[in-house]
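Inspection log for the structure reproduced underneath, given as structure tokens.
Index from 1, following the sequence. The basis for the numbers below is simple: all heavy atoms, side chains too, and nothing from hydrogens, waters or symmetry mates.
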Amino acid sequence: MIFGIGIDLVKISRIERAVTRWHEHFVDRVFTKKEQEYSYRHSNPYQHLAVRLAAKEAILKAIGTGWSGGIKWTDIEIINNEKGSPVAIVSGRVKDLTELQGVKEILISLSHDTEYAIAQAVLI
């Protein structure tokens, strides 16, 4: 049974500006070390950072809470499994909320082009 669906769109240049302006302060607050390592392995890391931020937003929309109640950006980690598919790992307050609601699985789909990154999340 589907608990919630969320989608989010991020302008990649917005993330590039934030990284340029605030450097590690922004990156460390929003992305886990694994997300950073993955993104910075690519020629355009901003696409990969932006799509991960979009996925985090989509998951919170699917939960229905937004960023309230002590949720941190790093409570959601978007990595790729051995086949290259994106996987969401939750911890902290987000894990508490998903467990409370009986969410057993988080499905995500990611896409980006030169200007935008988009992500969709389905909570089951």
Does the side-chain contact (heavy atoms from CB on, under 4.5 Å) test come out yes or no for D75 and V90, once each step is laid out? CA-CA 6 Å; D75 286 349; V90 295; over 6 Å; no

Side chain proximity check, [X] to [Y], heavy atoms < 4.5 angstrom:
X    : Y    : result
V19  : F31  : no
I124 : K104 : no
I79  : Y38  : no
R14  : L53  : yes
V10  : V51  : no

Has the side chain of [X] got a donor or acceptor atom that lies under 3.5 Å from a matching backbone atom of [Y]?
X    : Y    : value
Q101 : I63  : no
Q47  : D113 : yes
R93  : G69  : yes

Worked check of side-chain contact (heavy atoms from CB on, under 4.5 Å) between I71 and L97: CA-CA 10 Å; I71 293 172; L97 290 168; 3.7 Å; yes

Can you sort out the partners of Y46 under ring pair (Phe, Tyr, Trp, His ring centres under 6.0 Å), two or more places apart, ordered by chain and number?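 Y46 satisfies ring pair (Phe, Tyr, Trp, His ring centres under 6.0 Å) with no residue once adjacent residues are dropped.
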
Minimal non-hydrogen separation, [X] against [Y], with atom names:
X   : Y    : result
I5  : Q120 : CG2-NE2, 3.6 Å
A50 : I15  : CB-CG1, 3.7 Å
N44 : H48  : O-CD2, 3.3 Å
D8  : K61  : OD1-NZ, 2.8 Å
D28 : T74  : O-CG2, 4.1 Å
A62 : L123 : CB-CD1, 3.3 Å

Qualifying residues under side-chain hydrogen bond (donor to acceptor under 3.5 Å, both in side chains), relative to W22, sequence neighbours excluded: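 Per chain and number, W22 pairs via side-chain hydrogen bond (donor to acceptor under 3.5 Å, both in side chains) with no residue.
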
Once side-chain hydrogen bond (donor to acceptor under 3.5 Å, both in side chains) is applied, do any residues pair with T32, and if so which ones, sequence neighbours excluded?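 For T32 the side-chain hydrogen bond (donor to acceptor under 3.5 Å, both in side chains) partners, ignoring immediate neighbours, are E35, E77.
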
Shared ILVMFWY cluster between [X] and [Y], side chains joined below 4.5 angstrom?
X    : Y    : answer
I7   : L9   : yes
I106 : V122 : no
I12  : I118 : no

I'd like to know whether CD of E24 has more than 12 heavy-atom contacts from other residues, nucleotides or ligands below 6.0 angstrom.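 For E24, atom CD is not crowded (no more than 12 foreign heavy atoms under 6.0 Å).
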
Apply side-chain contact (heavy atoms from CB on, under 4.5 Å) to the pair L110 and I78, showing each step before the final yes or no. CA-CA 10 Å; L110 313 177; I78 308 300; 4.0 Å; yes

Parallel, tilted or perpendicular, judged at 30° and 60°: which one describes the rings of W67 and W73?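 It falls in the tilted class, 30° to 60°.
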
